[in-house]
Chemist: 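The structure under discussion is supplied below as structure tokens; questions concerning it will follow.
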There are 2 protein chains.
Amino acid sequence: MEIQEGKQKFIESWGKMASDWGINRTMAQVHALLLIAPEPLTADEVMEGLSISRGNANMNLRALMDWGLVHKQLKSGERKEYFYAEKDMWTVVRQIIVHRKKKELEPMLKVLDEVANVEPNCPESETFCNVVKDIRMLSNKANQTLDTLIKADSGWFSNIFLRMVR
Amino acid sequence: MEIQEGKQKFIESWGKMASDWGINRTMAQVHALLLIAPEPLTADEVMEGLSISRGNANMNLRALMDWGLVHKQLKSGERKEYFYAEKDMWTVVRQIIVHRKKKELEPMLKVLDEVANVEPNCPESETFCNVVKDIRMLSNKANQTLDTLIKADSGWFSNIFLRMVR
DNA sequence: TTATATTTTCAATATTTTTTGAAAACAAAA
DNA sequence: TTTTGTTTTCAAAAAATATTGAAAATATAA
């Protein structure tokens with residue numbers, strides 16, 4: 001396969017997967033483009049590479065920096081900003097977990113804690129409390145597991161996976 | 001907290017979390033409604049409970065059945081169909097993993113296998129191949145881990161979590 | 001200081017996704 | 001068979017989300 005076709009497919013597929021997961025497709029494509037770029041790129045190169053507007057490129061580059069997946073590089077003597085992606089995949093996964101856990105799992109846990117105060121004193125509230133109890137248990141376990149993963153370094157990370165698949 | 005307020009918050013929050021994860025908000029709300037219902041509900045009760053149209057209720061009930069999260073119950077002598085949610089949370093998680101793995105992870109793995117055929121013979125293709133290699137390794141491990149989880153029963157499931165948090 | 005290069009913002013526009021609701025299809029009862 | 005209750009479909013409308021592009025802001029150089 002030719003490198004150009006490979007890049008094309010990779011960027012497209014990375015974007016597709018992200019949008020399935022509720023992440024802006026273009027943000028993921030910018031990420032993919034930077035991941036496979038041997039050198040940092042300028043905003044113009046990103047615009048050109050994905051055929052997107054300056055505003056779009058800027059917004060998504062900023063979002064990727066918020067997620068800790070992309071960094072800025074300033075070259076001395078140059079006025080333009082360069083962008084490069086974090087290439088250590090363990091770090092990429094870790095950053096994604098940190099970000100999504102904070103924005104998605106934690107608010108859910110908070111609501112579960114609140115609604116756990118409902119009194120189980122009728123069929124309706126009994127069923128409700130049982131379901132909430134089970135989901136809370138599971139979510140708390142997931143939360144702990146994610147905390148462990150976040151703290152783990154690459155080696156640990158691999159080990160955990162290995163342990164899981166036995 | 002009153003049961004009605006609790007239900008309200010739970011349904012809203014379940015829907016919010018789902019839509020963060022790329023799942024239709026209403027589908028998740030229907031799921032939440034059925035999860036906390038002591039008895040199976042009819043399509044009309046779902047429409048009423050969430051203030052949605054018949055078409056919407058029907059489509060999302062069907063989608064939930066596709067995911068294996070909701071089942072139909074026919075009461076003898078009655079013409080209406082009743083719906084109830086799978087309440088074993090391990091099973092719920094397992095079904096979600098099965099479904100999303102098939103629709104999202106597997107297509108990505110396929111593309112990664114394809115693009116792994118690019119020859120690393122220039123800086124551009126070398127960087128590309130390195131990134132693809134790392135992502136493939138990671139995705140394959142994730143895939144194996146998910147297979148293990150899918151096969152695991154509740155007990156195993158708990159054990160794996162416990163092992164992970166040490 | 002002013003001129004110039006670059007980035008950021010955001011209202012307007014375009015696109016995608018979701019929802020509606022009425023008609024069609026279906027299935028049980030009369 | 002026809003009638004009646006129920007579910008399904010799907011084109012049109014609405015809502016949510018993403019994108020553009022030009023103006024404003026910022027920063028460096030002259």
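Since this is a predicted model, take the numbers as computed values, not measurements. Keep in mind that the numbers below use all heavy atoms, side chains included, and drop hydrogens, waters and symmetry copies.
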Chemist: Please report the distance, rounded to the nearest Å, between NZ in B:Lys80 and P in C:dA27.
Modeler: 18 Å
Chemist: Distance check needed: D:dT7 P versus B:Gln73 CD, whole Å only.
Modeler: 14 Å
Chemist: Nearest-Å distance, CG (A:Asp44) to P (C:dT8)?
Modeler: 12 Å
Chemist: Quick check: on DNA chain D, is the nucleotide nearest A:Glu78 upstream (toward 5') of the one nearest B:Ser19, or the reverse? Name the residue that is more 5'.
Modeler: B:Ser19
Chemist: Collect all protein-nucleotide pairs involving nucleotides 22-26 of chain C in which both atoms are nitrogen or oxygen and the distance is under 3.5 Å.
Modeler:
none

Chemist: Ring of A:Trp21, cation from A:Arg100 - is the NZ or CZ under 6.0 Å from the centre and inside 45° of the axis?
Modeler: no
Chemist: Measure the CG-CG distance between B:Leu34 and B:Leu64 for me, rounded to the nearest 0.5 Å.
Modeler: 7.5 Å
Chemist: Under the salt bridge (Lys or Arg N to Asp or Glu O under 4.0 Å) criterion, do B:Asp44 and B:Arg54 qualify, and how do the steps go?
Modeler: CA-CA 7 Å; B:Asp44 285 272; B:Arg54 181 172 305 286; 3.0 Å; yes
Chemist: Carefully, step by step, assess B:Asn60 and B:Asn56 under the rule side-chain hydrogen bond (donor to acceptor under 3.5 Å, both in side chains).
Modeler: CA-CA 6 Å; B:Asn60 284 304; B:Asn56 201 3; 2.8 Å; yes
Chemist: Would you give the length of the straight line joining atom CE of A:Met108 to atom NZ of B:Lys16, rounded to the nearest 0.5 angstrom?
Modeler: 11.0 Å
Chemist: Quick check: on DNA chain C, is the nucleotide nearest B:Asn56 upstream (toward 5') of the one nearest A:Phe83, or the reverse? Name the residue that is more 5'.
Modeler: A:Phe83
Chemist: Kindly confirm or rule out a cation-pi arrangement of B:Lys75 over B:Tyr82, judged by NZ or CZ under 6.0 Å from the six-membered ring centre and within 45° of its axis?
Modeler: yes
Chemist: Looking at the side chain of A:Lys72, which of D:dT7, C:dT19, C:dT8 is the nearest nucleotide?
Modeler: C:dT8
Chemist: Please report, rounded to the nearest Å, how far the P atom of C:dT20 is from the CD1 atom of B:Ile52.
Modeler: 7 Å
Chemist: Roughly, in whole Å, what's the span from OH in A:Tyr82 to C1' in C:dT7?
Modeler: 15 Å
Chemist: Round to the nearest Å and state the distance from B:Asp66 atom CG to D:dT8 atom C1'.
Modeler: 14 Å
Chemist: In whole angstrom, what separates A:Arg62's CZ from C:dT8's P?
Modeler: 6 Å
Chemist: Can you tell me if the side-chain N/O atoms of A:Asn58 get under 4.0 Å from OP1 or OP2 in C:dT7?
Modeler: no
Chemist: If you draw a 6.0 Å radius around CZ in A:Arg25, do more than 12 non-hydrogen atoms from other residues or ligands fall strictly inside?
Modeler: no
Chemist: In whole angstrom, give the distance that lies between atom NZ of A:Lys75 and atom P of D:dT28.
Modeler: 17 Å
Chemist: Hey, does the side-chain of A:Arg79 have a donor or acceptor N/O within less than 3.5 Å of a partner on the base of C:dT6?
Modeler: no
Chemist: Among D:dT8, C:dT9, C:dT19, which nucleotide has an atom closest to any side-chain atom of B:Glu81?
Modeler: D:dT8
Chemist: Hey, is CD on A:Gln73 packed in by over 12 heavy atoms from elsewhere, all under 6.0 Å?
Modeler: yes
Chemist: Where the side chain of B:Asn60 is defined as all heavy atoms beyond and including C-beta, which of D:dT7, D:dG21, C:dT19 is the nearest nucleotide?
Modeler: C:dT19
Chemist: Which parts of residues 24-33 of chain A get close to DNA chain D, meaning a heavy atom less than 4.0 angstrom away?
Modeler: A:Asn24, A:Thr26
Chemist: Looking at B:Trp67, I'd like to know if the NZ or CZ of B:Arg62 sits under 6.0 Å from its six-membered ring centre while staying within 45 degrees of the ring's axis.
Modeler: no
Chemist: Can a donor-acceptor pair be found, under 3.5 Å and without considering hydrogens, that links the side chain of B:Lys72 to the backbone of B:Glu81?
Modeler: no
